[in-house]
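Just below is one structure, and these are the notes that go with it.
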Amino acid sequence: MSVRPGPSDAHPIEAHGLAKAYRGRPAVDGVDLMVRPGEIYGFLGPNGAGKTTTMRMLLGLVRPDAGTIRLFGRDPHRDELGARAGVAGIIEEPRLYSYLSGRRNLQLLWSYDRIGSGPEVIEEALDLVELTERAGDRVSEYSQGMRQRLGIASCLVRRPRLMLLDEPANGLDPAGIRFLRGLLRDLAERGMTVFLSSHLLAEVQELCERVAIIASGRIVYEGSLEELRARAGRRYRLSVSDPRRALSLCAAVPGITDVALVGEQVELAVSGDDALLAVTRALVEARLVMHALVPEQLTLERVFFELTEHSPAPAAVAA
Amino acid sequence: MIGRIYVAYRGELFKLLAQKRTWLGFAAATIGPIVYLALELAQGPPKGPLANNIGHTGVGFALVVVKLIAVFGPAVIAALVAGDIVASEHEAGTLKTVLTRSLSRNDLLLGKLLALFTYLAMALAAFFVVSTIAGVIAWGFHPLVNISGERISALHALALDVPAVIIYALPVIAIASFGFFLSVVTGQSVPAVGGTLIYAMSLQGVAVISAIKGAHPYLLTNQLTAWHDLFQTPTGGDLIVRAVWVSAAFALPPIIAALVIFNRRDIAV
């Protein structure tokens, strides 16, 4: 299945200062996003962090209170059809017509698009998501995994350049997840941009090079997974003759971003080599005996939790 | 935009025809009135315009039934589809699926509205055809005595039946428009369907309040009898003209309000 060629060299997604509140409670607060063509971009955050509200705003389903959105340079709230051209998405689980067969669903949705491709695109999409054999069955008889696959097929019949998927692995068994990963990689190789939201880091780190992490409606990290891994590696455990005194010394050193006493060891996060050098110098000058300074191999999972759990409590809004 | 509305309209018809309740509505529109009339006949000859033709000719039978089912019959059919057509998609979450395709909100809503009106027209047509065929089988194809007491040929009466049913459909469409509005506003089928029925019954209730007798000609339920103009000698036109503008006056505000609300609404389900 080919991806519709795009004349525009604008970013697939560009959002600045997005904000949305429900009954006065902020669900999304100042979100900036920049997604590059052809990448699988991860949008991570715990449940209720504002991922789905952000995606709804991107697709024009929910009007932002503030901020701007551009999909391939077009505003989905001012030029809804222009901005959605070449864009497909699934918000939360795919919602399809349960009284129609899978194939009938695709025929209906394809008829809404009128993008110039023939109905053969329906069979291609069914084939790609491996649903051809069950395409004649009613959707009410489908498993959740089959519905997810049909949802993706419903996006593919639009021949999109950008696909937004909200927690697509929800309800999938391990084989289904592996299939989904393979499919998304394949689509990205064909030039499609994929914006993938998830609350599971493991799901995203297999596929994405760049991610945004959202917590309590705010972006707490935006960048490459490599940088995030590097950040994970900049923590140390210090064994020293007087840990309490070392704690206060470390806390005073510029570039030490986090310091805590864990048992008889000092755990510290450093911003760079200069900060690490300053710590060792301070300890030596204070005549403390340093037994060990060991870099801690934090998992990405832990960084994710640290970033998201240190944010204020999320608004009590289903988002 | 017209092309996209047509696309939405075609899609809505596709969905309507795939649902059992659509066919149940058609069945009710055809079988219901006949059952109702059979019950009425068991209690004695029906009263009202053209009712004295029962037993003599089957032509005009549909219009006798129309009088008997009053506002309740069309209100039920209109409410079931109009109240459901947007709300059911809202409840099922399919609205967001459709609204991420190449249709604007106006395209989708106008497509749904046209599909709703088409459904009502088809249901009324089915009702008319089945009632007429049943009447002709029972009492033959003979001349009919009109409301003024004059005899008109069976063919002439049959030809008048068609515009009569179209005129009858105008206030029914206005009731459906209100149901459509409730469907958009509530996003829930049960209150939208129930609210439409209550609305129709309330209009019927208002029509019997003698204190506002001067306003009666301009009430929606009174337009259900505008077709009488066609079966009088000489044929009138005042009731028909009034039915057109009164029905439009009742139908347009809820349709416009539904469009405005739907365009501003966040689809967050």
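Numbered from 1 within each chain, the chains take letters A, B, ... in sequence-line order.
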Given a strict heavy-atom distance threshold of 4.5 Å, which part of [X] is in contact with chain B: side chain, backbone, both, or neither?
X      : result
A:S154 : both
A:I91  : both
A:L109 : both

Ring centroid separation A:F195 to A:F43 under 6.0 Å: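 For A:F195 and A:F43, the ring centres are under 6.0 Å apart.
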
Test of ring centre spacing under 6.0 Å for B:F26 and B:Y119: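 For B:F26 and B:Y119, the ring centres are under 6.0 Å apart.
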
All side chain to side chain donor-acceptor pair (under 3.5 Å) counterparts of B:R4, not counting sequence neighbours: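 Result, side chain to side chain donor-acceptor pair (under 3.5 Å) vs B:R4: B:D107.
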
Top of A:I90, A:L96, A:V62 for chain B proximity - count of heavy-atom pairs under 4.5 angstrom: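 Of the options given, most contacts go to A:V62.
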
Let's test your reading of the structure: which of A:L164, A:L59, A:L108 forms the most heavy-atom pairs below 4.5 Å with chain B?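 Most heavy-atom pairs within the cutoff with chain B belong to A:L108.
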
Neighbour count above 12 (heavy atom, 6.0 Å) for A:R104 CZ: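 No.
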
Let's test your reading of the structure: which of B:L99, B:L95, B:L108 forms the most heavy-atom pairs below 4.5 Å with chain A?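 Of the options given, most contacts go to B:L99.
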
Under a plain distance cut-off of 3.5 Å, with no hydrogens placed, do A:S101 and A:R134 share a side-chain donor-acceptor pair?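 Absent: no donor and acceptor within the cut-off.
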
Is the cationic atom of A:R138 (NZ for Lys, CZ for Arg) positioned less than 6.0 Å from the six-membered ring centroid of A:Y99 and within 45 degrees of its normal?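 Checked: cation-pi criterion not met.
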
How far apart are the C-alpha atoms of A:R95 and B:E89, what are their side-chain angles, what is the distance that settles it, and do they pass the salt bridge (Lys or Arg N to Asp or Glu O under 4.0 Å) test? CA-CA 10 Å; A:R95 297 295 182 96; B:E89 293 231 33; over 6 Å; no

Could you tell me the separation between the OG1 atom of B:T196 and the CZ atom of B:F178, rounded to the nearest 0.5 Å?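 One finds 7.0 Å between OG1 of B:T196 and CZ of B:F178.
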
With chain A as the partner chain, list the residues of residues 6-22 of chain B whose heavy atoms fall under 4.5 Å from it, by residue number, and write 'none' if nothing qualifies.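 So far as heavy atoms go, B:V7, B:A8, B:R10, B:G11, B:E12, B:F14, B:K15, B:A18, B:Q19 are the residues that approach chain A to under 4.5 Å.
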
